[in-house]
Amino acid sequence: MKPARFRYHAPTTIEEVVALLADVAPQDGRILAGGQSLVPTMAFRLARPAHLVDINGVDALKRLEVAGDELRIGACVRHAAFHQPAVAGPLGKLLSAVVRHIAHYPIRTRGTFCGSIAHADPASEWCTVAAALDARMVATSVRGTRVIPAREFFAGIMTTALAEDELLAEVRLPLLPPGTRFGFYEFSRRAGDFAIAMALATYRVDGGKAVEPRIAVGGAEPNARRILGAEQAIAGRAPDAENFAAAAEAAAKTVDPMEDAMTSAEYRRDLVRTVTRRALEQSAA
Ligand SMILES: Cc1cc2nc3c(=O)[nH]c(=O)nc-3n(C[C@H](O)[C@H](O)[C@H](O)COP(=O)(O)OP(=O)(O)OC[C@H]3O[C@@H](n4cnc5c(N)ncnc54)[C@H](O)[C@@H]3O)c2cc1C
């Protein structure tokens, strides 16, 4: 099928984007970033936006840079920008390890990091990264700019704290201290499919003990989130098989998994146990 009719806008500055959004968002105007989620839904007429605000011509949104202790990822930065480490140290390696799990190569050359965060699919790898690392989302509109922490940003299946006229201009990820270990594991039925469950774990080792652990689960619940009980199961303890298993058990017990025609909640709960344990094992490999 072909999309329903829409008006196409091609601004070249952030000011033009937010002015256009203020105007057209109430008439179901939408931002077009990589188009890898929006265009298929338009082709199926599941979405019929009357206006598309294409942000691909806005150079100020193409920045990918370190500022202070954060990596700033502009709204037009593609998934593929992370195939090679975008920054030295553990964060660059982590993002390179995760990006390979997103869809297929051609999709990664168009789809954007911020588009994934704004779209907030429960099975988005970047949403799991953002939840685990307590990313900060920079939302801009004609009313000004606000910074939204990840725990307040994700509000359910494809639902975020963004107002309809707000541009997610940038996502900020904290740089990870040297020596930070990480592991990422996801399960999907076929390579490139959306994950049914995934886990990301990071921590440092000090005196043989895991410190500052972060464990997030995605794909299993309406939105990715950190699982405190799992983090507590390894905090201050040896990063070994026994404690990894305890953390995985805590994650499985804590989640309230989604169900669908193909996947029961209990199956997803079992997967959460497995992906959490494997992510932790990978971190120690
Ligand atoms: C076959 C296939 C497989 C896929 N597999 C995966 C996968 O395994 N994992 C995964 O995470 N994704 C997957 N995707 C989705 C892909 O990663 C998309 O690129 C991503 O979800 C959205 O990014 P985009 O830049 O393409 O956004 P678009 O499609 O352009 O936009 C998506 C939505 O977000 C809004 N939006 C986009 N950018 C902004 C912004 N800066 N501010 C405010 N709103 C914004 C749009 O208005 C729209 O509503 C897959 C897609 C396809 C087609």
Side-chain angles (χ1 to χ4, degrees), residues 3 6 8-9 11 14 17-18 20-22 24-25 27-44 46-58 60-63 72-82 95 98-131 135 137-141 145-146 148 153-154 157-172 184 186-198 200 218-219 223-224:
F6 59 87
Y8 174 80
H9 306 268
I14 293 175
V17 172
V18 294
L20 271 164
L21 278 178
V24 303
Q27 307 160 48
D28 198 16
R30 302 261 202 106
I31 288 172
L32 174 68
Q36 298 303 299
S37 293
L38 181 56
V39 172
T41 54
M42 287 173 64
F44 284 116
L46 296 170
R48 293 167 177 244
H51 297 262
L52 285 189
V53 180
D54 183 350
I55 58 173
N56 288 279
V58 183
L61 296 175
K62 293 178 183 163
R63 290 193 197 119
R72 297 186 171 185
I73 304 166
C76 289
V77 173
R78 318 267 174 210
H79 304 314
F82 302 96
L95 297 172
V98 172
V99 72
R100 288 183 285 110
H101 296 271
I102 301 174
H104 307 279
Y105 184 81
I107 293 167
R108 296 199 292 268
T109 64
R110 288 301 302 168
T112 63
F113 185 102
C114 290
S116 283
I117 300 289
H119 190 55
D121 190 297
S124 153
E125 285 82 0
W126 290 145
C127 291
T128 304
V129 169
M137 323 302 180
V138 180
T140 303
S141 71
T145 291
R146 62 189 180 122
I148 311 169
F153 186 83
F154 298 114
I157 299 174
M158 294 173 179
T159 309
T160 71
L162 283 177
E164 63 178 7
D165 65 342
E166 276 181 318
L167 164 74
L168 178 60
E170 181 176 287
V171 173
R172 299 177 180 172
F184 177 80
E186 76 169 42
F187 180 81
S188 54
R189 285 204 172 85
R190 293 165 303 192
D193 274 7
F194 282 98
I196 302 173
M198 71 184 95
L200 173 64
N223 53 258

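Both ligands and their constituent atoms are indexed starting at 1 by order of listing.
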Any N or O on [X] sitting closer than 3.5 Å to an N or O of ligand 1?
| X | value |
| --- | --- |
| G34 | yes |
| G35 | yes |
| A103 | yes |
| E166 | no |
| V39 | no |
| L38 | yes |
| H79 | yes |
| H104 | no |
| P40 | no |
| L32 | no |

To the closest 0.5 Å, what do you measure between [atom1] ([X]) and [atom2] ([Y])?
| X | Y | atom1 | atom2 | answer |
| --- | --- | --- | --- | --- |
| R146 | S141 | CZ | OG | 8.0 Å |
| N223 | D121 | CG | CG | 11.0 Å |
| R30 | F6 | CZ | CZ | 12.5 Å |
| L20 | L167 | CG | CG | 11.5 Å |
| T140 | D165 | OG1 | CG | 11.0 Å |
| L32 | H9 | CG | NE2 | 11.5 Å |

Non-hydrogen side-chain atoms of N56 and R110 separated by less than 4.5 Å
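Side-chain contact under 4.5 Å: yes.
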Any non-hydrogen side-chain atom of I55 less than 4.5 Å from a side-chain atom of C76?
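Yes. Closest side-chain heavy atoms under 4.5 Å.
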When you measure from [atom] to every protein heavy atom, which one gives the shortest distance, and what is it?
| atom | result |
| --- | --- |
| atom 33 (C) of ligand 1 | H119 ND1, 3.7 Å |
| atom 10 (C) of ligand 1 | E125 OE1, 3.4 Å |
| atom 12 (N) of ligand 1 | F194 CE2, 3.4 Å |
| atom 45 (C) of ligand 1 | A118 CB, 3.4 Å |
| atom 26 (O) of ligand 1 | Q36 N, 2.8 Å |
| atom 18 (C) of ligand 1 | S37 OG, 3.5 Å |

Output, in order, the C-alpha distance, side-chain angles, deciding distance and verdict of side-chain contact (heavy atoms from CB on, under 4.5 Å) for M137 and F154.
CA-CA 10 Å; M137 323 302 180; F154 298 114; 3.9 Å; yes
Which heavy atom of [X] sits nearest to which heavy atom of [Y], and what is that distance?
| X | Y | answer |
| --- | --- | --- |
| S116 | H79 | OG-CE1, 3.2 Å |
| W126 | I117 | O-CD1, 3.5 Å |
| R78 | G34 | NH1-CA, 4.0 Å |
| A103 | R108 | O-NH1, 3.5 Å |
| A75 | L168 | CB-O, 3.3 Å |

Determine, using heavy atoms of [X] and all atoms of ligand 1, whether some pair is separated by less than 4.0 Å.
| X | value |
| --- | --- |
| I102 | yes |
| D193 | yes |
| G192 | yes |

Going by the order shown, which atoms of ligand 1 are within less than 4.0 Å of some heavy atom of R30?
47 (O), 49 (O)
Under 4.0 Å from any heavy atom of L168, which atoms of ligand 1 are there?
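The list of qualifying atoms is 40 (C), 41 (N), 42 (N), 43 (C).
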From V98, I107, I31, V77 - option closest to atom 48 (C) of ligand 1 by heavy atom:
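The residue whose heavy atom sits nearest atom 48 (C) of ligand 1 is I31.
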Shortest reach to atom 34 (O) of ligand 1 by a heavy atom, considering only G111, G115, A75:
G115
